[in-house]
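Note on naming: letters A, B, ... go to the chains in the order of the sequence lines (proteins, then strands), and numbering restarts at 1 for each one. Owing to the predicted nature of the structure, the values given are computational and were not obtained by experimental measurement.
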Amino acid sequence: MTDPAPARHFIQQIIDADIASGKWGTPGDRTVVTTRFPPEPNGYLHIGHAKSVCLNSGLAKEFGGRFYLRFDDTNPAKEEQEFVDSICADVEWLGGEWHGPVRFASDYFPQMYEWAVELIQKGLAYVDEQPHDKIREQRGSLTEPGTPSPYRDRPIEESLAQFEKMKSGGFPDGGAVLRAKIDMASPNMNLRDPVMYRVINKPHHRTGSTWHIYPMYDWAHGLEDSIEGITHSLCTLEFENHRPLYDWFINAINQDRGPGSKFGEKIHHSQQIEFSRYNLEYTTMSKRFLKLLVDEKHVEGWDDPRMITVAGLRRRGYTREAIRNAVIEAGITKYNALTDFTKLENALRDDLNTRAPRRMGVLDPVKLVITNWGDHGDPSRLEELPAINNPEDESAGTRPVKFGRELWIERDDFMIDPPKKFFRLGPGREVRLRYAYWVTCTDFDTDADGRVTEIRCTYDPQTRGGDAPPPDADGNVRKVKGTLHWVSAADCIDATVRLFDRLFTEPRPGKRTGEILDDLNPDSLKTLTGCKLERSILKPTPDEPAWPDGIRRFQLERLGYFCFDKASTPDNPILNRSVTLKDSWAKEAAKS
RNA sequence: GGGGGAUUGGUGUAAUUGGUAGCACGACAGAUUCUGAUUCUGUUAGUUCCAGUUCGAGUCUGGGAUCCCCUACCA
């Protein structure tokens with residue numbers, strides 16, 4: 001039996017073919033593969049960007065090629081150094097190892113300018129001095145062709161001079177643009193003499209006031225790829241309509257180039273390939289809306305754990321491996337898919353299940369008193385019992401937990417009048433307290449509202465460690481259905497725990513009413529105080545993995561995966577719930 | 001009377017390019033379990049539609065439907 005070769009997605013197949021044919025070099029040379037992640041530094045990265053980072057860097061790694069990080073900083077009006085820094089940090093955290101220095105499109109401005117001049121010289125570009133509105137009108141519509149600008153056929157020398165004037169600050173913002181001379185009647189709007197350069201008299205975060213003109217995306221992007229020798233320029237589906245333009249610009253530069261040409265040799269022409277974005281239910285990948293959530297304070301910031309920004313997911317407790325698996329396994333295709341939210345959650349559970357150390361903690365504590373504790377020794381004694389740190393990893397060993405007369409258990413784990421399928425504690429019922437003893441409920445107190453204030457139990461000393469007691473005289477073995485987590489009241493710490501729900505109540509926020517904020521979930525954050533955690537969680541112990549980002553993550557048994565928030569201190573511990581455990585009881589309970 | 005892209009179980013994704021429609025998640029049922037977790041087993045359900053070519057079509061041809069993208073001096 002041989003396993004079938006893992007399926008290769010369409011981009012891998014393209015690259016396989018390119019390598020076989022030697023498109024980028026010697027046939028068979030895989031190291032020619034060069035990819036890039038080209039963010040604009042105008043916001044924080046989200047999980048959609050993470051897909052691009054993982055795809056591009058993963059491909060380079062797979063083929064032994066190179067992966068670059070390049071900022072597409074072509075618009076000084078929108079970009080900031082803060083975002084450059086956060087993006088670098090996020091790419092690094094994701095494990096995207098870029099080759100060489102961080103690159104900037106702005107470093108290529110001089111070269112781009114030269115090529116623009118060349119296009120003017122070839123009669124392939126012209127300076128248009130009409131007002132913005134006029135140019136827009138002349139572009140036509142989806143069903144009607146555009147009309148040519150009166151400047152379209154102006155003499156080359158004139159365009160050259162005016163372009164020089166644009167560059168040196170001789171025009172106000174919007175005073176003139178450089179346009180490619182392509183086809184005003186093209187059914188593809190992008191080809192109706194697109195703007196290559198516009199005048200922006202604003203200092204740039206890296207080039208200062210050197211430039212008064214800045215290149216548009218379509219003109220700049222292919223040139224950046226060309227300069228860096230990118231072989232496969234990956235982008236999202238909405239750029240499909242731009243590919244003809246991407247190719248046109250490179251071809252325009254290469255026109256009349258070649259051996260002996262006064263313009264020089266042909267330049268590298270990388271291949272643009274489009275794939276579908278990562279779309280997730282119950283959220284949005286729109287940078288604009290993410291910014292809106294931050295600006296209008298619907299969340300606490302870009303790194304709010306409810307946000308699907310890389311920073312938010314990290315603070316939530318997501319690991320890079322979980323994110324990587326989620327976005328790549330969602331598939332590399334051209335189909336505009338919407339991914340189940342549970343897929344993301346499951347990716348985290350899968351990862352953390354194998355690595356996260358187990359601890360016990362009680363989120364909604366109710367007191368449990370062992371009434372016969374004093375019958376078997378000092379009533380104030382605390383017994384130390386070993387608890388397994390990670391059942392998935394024997395080498396993680398055990399830790400001692402302290403058990404005594406007074407304990408905290410989860411309020412949900414007790415019912416005054418439990419249904420038959422409820423395996424937990426109720427009057428007269430016996431359960432196991434994990435790693436400790438079996439206890440039987442004998443009594444309980446309630447307050448005036450009927451709320452349980454204290455549960456009283458007896459324990460069976462023969463069940464020490466949580467094991468079943470020996471068989472009785474007739475050979476019958478006692479069994480319990482339920483196992484509860486608990487902490488010792490005398491040896492626990494108080495903590496704040498933050499529980500998160502999805503940010504939106506609809507799978508496609510905004511679809512219902514057209515207004516995304518209408519679907520905002522008002523209960524996406526629940527902050528619990530007075531939660532009880534076993535004391536050992538406070539200090540790192542050797543069983544904890546060396547998390548590369550230093551964020552300590554745990555499973556609180558039976559509750560879910562949690563991590564320490566960045567604002568947590570030893571005096572005021574704060575845990576974020578990353579994701580719950582699957583809960584088939586909740587499903588069962590919801591049925592009735 | 002515009003152009004571009006897409007469509008395979010509920011969701012997502014494969015199918016050696018014309019040869020048994022597979023995988024994952026979900027749902028359901030069961031087993032194991034000191035986490036109602038994990039793990040394991042089983043069940044469920046699919047080629048957008050209509051024609052055509054063919055011994056044979058998810059795959060090729062023609063036509064229809066539906067969805068996404070395109071009229072920034074944003075990227």
Assign L338(A) to base, sugar-phosphate, or nothing according to its heavy-atom contacts below 4.0 angstrom with the strands shown. sugar-phosphate
Which value, in whole Å, describes the distance between the P atoms of nucleotides C28(B) and C68(B)? 31 Å
Using the C1' atom on both, measure U59(B) against A15(B) and round to a whole Å. 9 Å
Output one letter per nucleotide in nucleotides 40-49 of chain B: B when a protein non-hydrogen atom lies under 4.0 Å from the base, S when only the sugar-phosphate is that close, - when neither is. ----------
For A72(B), measure the glycosidic angle (O4'-C1'-N9-C4 for a purine, O4'-C1'-N1-C2 for a pyrimidine) and name it syn if it falls within 90° of 0, otherwise anti. syn
Under 3.5 Å, is there a donor-acceptor pair between the side chain of S276(A) and the main chain of T333(A)? yes
Assign F422(A) to base, sugar-phosphate, or nothing according to its heavy-atom contacts below 4.0 angstrom with the strands shown. base
Its contact letters, B for base, S for sugar-phosphate only and - for none at protein heavy atoms under 4.0 Å, make nucleotides 68-75 of chain B read SBBBSBBB
Decide whether a cation-pi geometry holds between R502(A) and Y282(A); the criteria are a distance under 6.0 Å from NZ or CZ to the six-membered ring centre and an angle within 45° of the ring axis. yes
Taking side chain to side chain donor-acceptor pair (under 3.5 Å) as the test, write out the residues that go with R411(A), two or more places apart. none
Treat a base pair as Watson-Crick or G-U wobble with both distances under 3.5 Å, then lay out RNA chain B in dot-bracket form, 5' to 3', with | for cross-strand pairs. .((((((..((((.....[..))))((((((.......))))))...(((((..]....))))))))))).....
Whole angstrom is fine here: how far is it from CZ in R277(A) over to C1' in A6(B)? 16 Å
Is K134(A) atom NZ crowded by more than 12 heavy atoms from other residues, nucleotides or ligands, each under 6.0 Å away? no
Base G36(B) paired with R424(A) side chain (donor-acceptor, <3.5 Å): yes
Counting the atoms with a prime plus P, OP1 and OP2 as sugar-phosphate, which does Y335(A) contact under 4.0 Å by heavy atoms, base, sugar-phosphate, or nothing? sugar-phosphate
Step through the shown structure and confirm whether more than 12 heavy atoms of other residues, nucleotides or ligands are within 6.0 Å of NZ on K287(A). yes
Walk along nucleotides 15-26 of chain B from 5' to 3' and tag each nucleotide B, S or - by protein heavy-atom contact under 4.0 Å, base first, then sugar-phosphate. S--------BSS
How is K481(A) classified with respect to the nucleic acid when contacts are heavy atoms under 4.0 Å: base, sugar-phosphate, or nothing? nothing
Could you identify which residues of residues 389-398 of chain A place a heavy atom less than 4.0 Å from some atom of RNA chain B, listed by residue number, or say none? P391(A), E392(A)
